[in-house]
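Right, one structure below, let's go through it.
Lettering of chains follows the sequences in order, A, B, ..., and the numbering in each one begins at 1. Values in this document were obtained by computation on a predicted structure and should not be read as measured data.
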Protein chains: 2
Amino acid sequence: MMATGAARPRRATIHDVAAEAGLSRGTVSRVINGERYVSDDARVAVEAAIAKVGYVRNTAARNLKTQQSHAIGLIVHEPHSLFLEDPVIGAILLGTNAILSEADYQLVSLVIDSDRDSDRVAEYLSGGFVDGVIIISARSGDPIAHAVVRLGIPAAFVGHPPDIDGIPFIGIDNFAGAKAITERLLATGRRRVGMIASALDRDSGQDRLAGFRAALGDAFDSNLVVDYPLYSHGTGLSGMRELLSRAPDIDGVFAASDSIAAGALDGLREAGRRVPDDVGIVGFDDSAWALRCQPTLSTVRQPADALGRLAAERVLSQLRGEQVPESGTLLPTSIVWRDSA
Amino acid sequence: MMATGAARPRRATIHDVAAEAGLSRGTVSRVINGERYVSDDARVAVEAAIAKVGYVRNTAARNLKTQQSHAIGLIVHEPHSLFLEDPVIGAILLGTNAILSEADYQLVSLVIDSDRDSDRVAEYLSGGFVDGVIIISARSGDPIAHAVVRLGIPAAFVGHPPDIDGIPFIGIDNFAGAKAITERLLATGRRRVGMIASALDRDSGQDRLAGFRAALGDAFDSNLVVDYPLYSHGTGLSGMRELLSRAPDIDGVFAASDSIAAGALDGLREAGRRVPDDVGIVGFDDSAWALRCQPTLSTVRQPADALGRLAAERVLSQLRGEQVPESGTLLPTSIVWRDSA
DNA sequence: GCCCAGTCTGGGAACGTTCACAGATATACA
DNA sequence: TGTATATCTGTGAACGTTCCCAGACTGGGC
C-alpha cells in the first residue's frame with residue numbers, strides 16, 4: 001500500500017478573485033492590503049469573490065516582491081536540554097508568538113547549542129530569512145548578537161548582554177526582585193544567609209547577586225556565596241553541599257533560580273536539615289519547579305509571557321520604521337511566598 | 001535616539017554569481033541544486049563565485065517557482081501549559097528539527113489549545129504554508145487530523161489516533177512498556193497493585209492500561225484503576241487519594257506518566273505512607289520529573305528524540321514520492337529502575 | 001465652461017528562481 | 001564517415017504578488 005498524498009488542486013490566485021469580482025488585479029490587491037482609494041462596491045465585491053473562490057494569499061510571491069520574509073527569528077542561546085526544561089523560555093516563546101501571529105508574522109525558533117550552530121545561525125541571518133530577531137539569554141561576547149548589530153537587523157534582547165549597545169532590551173528587574181526576596185527571607189529571622197549564584201556572565205546572574213548583596217548590606221559575607229555557570233538542579237546540589245561545608249550554621253539560602261533551589265533542597269535533605277525549620281530557602285522564576293518541590297518554594301515571579309510580548313512589539317515597531325527607545329525596559333517582579341521559608 | 005537598522009545592502013542573486021563565474025543562470029542553478037550534467041570546471045567556477053559574492057539562495061523565489069513552501073508543520077494538540085512542561089514534546093521537537101534542517105526544510109510549530117486555534121490551523125494548512133505535517137498527540141475525532149487526510153497533505157503521526165487510517169504513524173510500544181514495568185513492580189513482591197490511568201481517548205493511554213491489565217492477568221481488579229483526562233501532577237494527586245480510599249491496603253501503583261507519579265507521591269506523603277517501603281510506585285516517560293522526585297522514579301524510558309526523527313523522515317520520504325508503509329512503526333522502550341519501587 | 005484636486009481603476013513591470021527546451025559539443029558504434 | 005547518444009550550456013517563460021504610473025471619473029470653485 002502507498003500513502004502518497006493525492007494531487008492537491010490548484011490554489012486560487014489573485015487573478016481568479018479579480019475575474020470572479022469583475023475587477024482588476026490591482027484593485028483586489030488594494031483590498032487585501034487594506035489600502036485607501038477603493039470604493040465600497042469594489043471592496044464588497046472582492047471580499048465576496050475571495051470567500052467564493054477560497055483565496056489565500058501566496059506568501060512566497062508576496063515575500064519575493066516585497067523583499068521581506070515576514071518572519072521573525074527567536075534566538076535561544078541555551079543548551080538544548082535547558083531549552084526543554086526551562087518553562088520561562090517556553091512562556092517567552094508563547095508570548096512572542098501571540099504578538100507576531102496577530103501581526104501576520106511567522107515565528108522561527110533558532111536554538112543555539114554548540115559553536116557550530118552559532119556559525120550556522122549567523123549565516124542564516126545574513127540570508128534574509130528573517131526580517132528581525134529576538135535574542136534570549138545572550139552572553140557577553142555573544143557572536144550572534146554582534147552579527148545582528150553588524151548586519152543592522154531590527155532586534156530586541158530579552159535580558160541584556162553587558163557589552164552590547166544600540167539594541168533595545170526587555171528584562172525583568174533582577175536586582176529589585178533579588179533584593180526584595182532576600183529582605184523577606186531576612187525578615188523571617190535568619191542570621192546566616194548565603195547565596196547559590198549562577199550565570200555571572202549574564203545580566204540576570206550578576207543583578208541577582210547584586211540585589212542579594214544590597215539586601216544584606218554590612219552583613220554580606222562573600223564566603224557565603226558560591227557560583228556555578230548553569231541554572232540547574234546540579235548547581236543547587238553542589239552549591240548547597242559547598243555552603244554547608246563552609247558554614248554548617250547557615251540558616252537561609254537565596255538560590256538564583258528555582259531549579260537551583262530544588263537542587264539545594266535535595267542537598268539539605270541529604271544533610272538531614274529540615275526546611276524551613278532549620279534552613280529557609282527561596283528561589284527565583286516561579287517556574288513549574290516551585291510547586292513541585294517539597295516543601296513548595298517561596299520565589300520571585302517573573303512575567304515571562306509579557307517579556308515575550310514586549311520584545312516582539314519592539315521588533316515590529318522597528319520594522320514599521322518607528323522610533324524605539326534605545327535603552328531598555330525592566331518589568332517588575334513580584335514575590336510568591338509559599339512554604340520553603 | 002533611534003535604533004532603526006541601517007539600510008541593508010542588496011543581496012547577491014543568481015545573476016551575480018553567473019556573471020562572476022562567466023556562466024549562465026541555468027548552470028548556476030544546476031550547481032546549486034546538485035543536478036547532473038554539469039562539468040567539473042563549471043562546478044568549481046560556480047562554487048568559487050558563490051563564495052566570492054556571498055550568495056545565499058532566495059527562498060521566496062524558489063518557493064514561488066516550485067510551488068512548495070519547504071516547511072513542515074509540527075502540530076501539537078496540547079494545552080499551552082502542557083507544551084511548556086512536557087519535556088517529551090520538546091525532545092520530539094528537537095529530533096524533528098534536526099532531521100528537517102539537514103534536509104533544508106523549515107520547522108513550523110503550531111500549538112493547538114482551543115477549538116478556535118483548531119479552525120485557524122486547518123485554514124493555515126489549506127493555505128499551502130507547509131508541504132507536510134507531523135501531528136503529535138492527536139485524539140479521536142481530531143478535526144485537524146481529519147482535515148489533513150481530506151487535503152491529502154503528506155503527514156505522519158506521533159502516536160496513533162484510533163479512528164484514522166491512511167497516515168503512517170510512529171509510536172512507542174506503550175503496551176509492552178506498561179506490561180514490562182508492571183511485571184517488574186510485581187516482582188518486588190507487591191500484592192495489591194493499582195493504576196492511575198489517563199488520556200484514554202488516545203492510544204497511549206489505552207495501551208498503557210492494556211499493558212497493565214495484561215501483566216496482572218487474573219489478579220486484575222478494575223476497582224484498583226482510576227482514570228482522569230490529563231497527564232498531570234493534579235491527576236496523580238487526585239488519583240492517589242481515590243485509590244487509597246478504595247483500597248487502604250494498596251502496596252503498588254503504576255502511574256501512566258511521570259507527572260502523575262509525582263502527584264501520586266505527594267498523595268502518599270500526605271497519607272503518611274512511605275515509598276518504596278509501604279507502597280512501590282512506577283511511572284512512564286523518564287522525563288525530567290523522574291529524577292526530581294523524592295525518591296527518584298522507576299519508570300519507562302521512551303526514545304522521544306528518535307520518535308521525532310523518524311516522523312520527520314516519514315514525511316520527507318512522502319515528499320520525495322517514495323512509498324511509505326501505511327501501517328505504523330512502534331519503537332521499543334526500556335526500563336529505568338531507580339528508588340521508588 | 002474650464003481647471004484642478006481628489007478618488008478610483010487597470011495593467012505593465014519587476015522580484016529571483018526553476019524548468020523545459022533547443023542548441024552545441026563530445027563520445028561511441030556501425 | 002555518418003549517425004545515434006550522452007553530456008553540457010544558455011535562454012525564454014513562468015510562478016503570484018506588489019508597486020507605480022497613466023488614465024477615467026467626480027465634484028467644487030472660479
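Side-chain contact check for A:R62 and A:N33: no donor-acceptor pair (N or O, by modelled atom type) lies under 3.5 Å. A donor-acceptor pair shorter than 3.5 Å can be found between the side chains of A:R314 and A:T329. A side-chain donor from one of A:S69 and A:D131 sits under 3.5 Å from a side-chain acceptor of the other. Side-chain contact annotation: B:R309 with B:N97, donor-acceptor N/O pair under 3.5 Å absent. Donor-acceptor pairing under 3.5 Å is lacking for the side chains of A:D104 and A:H70.
When all heavy atoms are compared, the tightest approach of B:A18 to B:S24 is CB-C, 3.8 Å. Scanning all heavy atoms of the two residues, the minimum distance from A:V315 to A:P154 falls at CG1-O, 4.2 Å.
One can place CG of A:D16 at 11 Å from C1' of D:dG16, the figure rounded to the nearest angstrom. Atom NE2 in B:H15 sits roughly 8 Å away from atom P in C:dT17 (whole-Å rounding). Between the C1' atom of D:dA13 and the NZ atom of B:K65 lies a distance of 7 Å, rounded to the nearest Å. Straight-line distance from the CZ atom of A:R62 to the P atom of C:dG16: 17 Å, rounded to whole Å. Taking atom CD of A:Q68 as the reference point, atom C1' of D:dG16 lies 17 Å away to the nearest angstrom. We find that CG of A:L64 is positioned 13 Å from C1' of C:dA13, with the value rounded to whole Å. As rounded to whole Å, 14 Å separates atom P of C:dT17 from atom CG of B:D104. One can place CD1 of A:I14 at 14 Å from P of D:dC15, the figure rounded to the nearest angstrom.
Dashed line: the shortest gap from a side-chain N or O of A:N63 to OP1 or OP2 of C:dC15 is not under 4.0 Å. Phosphate proximity of D:dT18 to A:T66: absent, as no side-chain N or O sits under 4.0 Å from OP1 or OP2. Dashed line: the shortest gap from a side-chain N or O of A:R57 to OP1 or OP2 of D:dT18 is under 4.0 Å. For A:Q67, a side-chain nitrogen or oxygen approaches OP1 or OP2 of C:dG16 to under 4.0 Å.
When the C1' atoms of four end pairs are superposed on the next four at each end of the helix from C:dG1-D:dC30 to C:dA30-D:dT1, using five pairs per end, the two resulting axes differ in direction by 50°, to 10°.
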Evaluate the criterion side chain to side chain contact (heavy atoms under 4.5 Å, CB included) for residue pair B:V133 and B:L125; output intermediate values, then yes/no. CA-CA 9 Å; B:V133 292; B:L125 292 181; 3.5 Å; yes
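When the nucleotides D:dG16, D:dC19, C:dT18 are ranked by their closest atom to the side chain of A:E35, D:dC19 comes out on top.
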Anything under 3.5 Å between a protein N or O and an N or O of nucleotides 8-10 of chain C, put it in a table, one pair a line.
unit_1, atom_1, unit_2, atom_2, d
C:dT9, OP1, A:S39, OG, 2.7
C:dT9, OP2, A:S39, N, 3.1
C:dG10, OP2, A:S24, N, 2.8
C:dG10, OP2, A:S24, OG, 3.1
C:dG10, OP2, A:T27, OG1, 3.1
C:dG10, N7, A:R30, NH2, 3.1
C:dG10, O6, A:R30, NH1, 3.3

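We find that A:K52 and A:D16 are not joined by a salt bridge, their nearest charged nitrogen and carboxylate oxygen being 4.0 Å or further apart.
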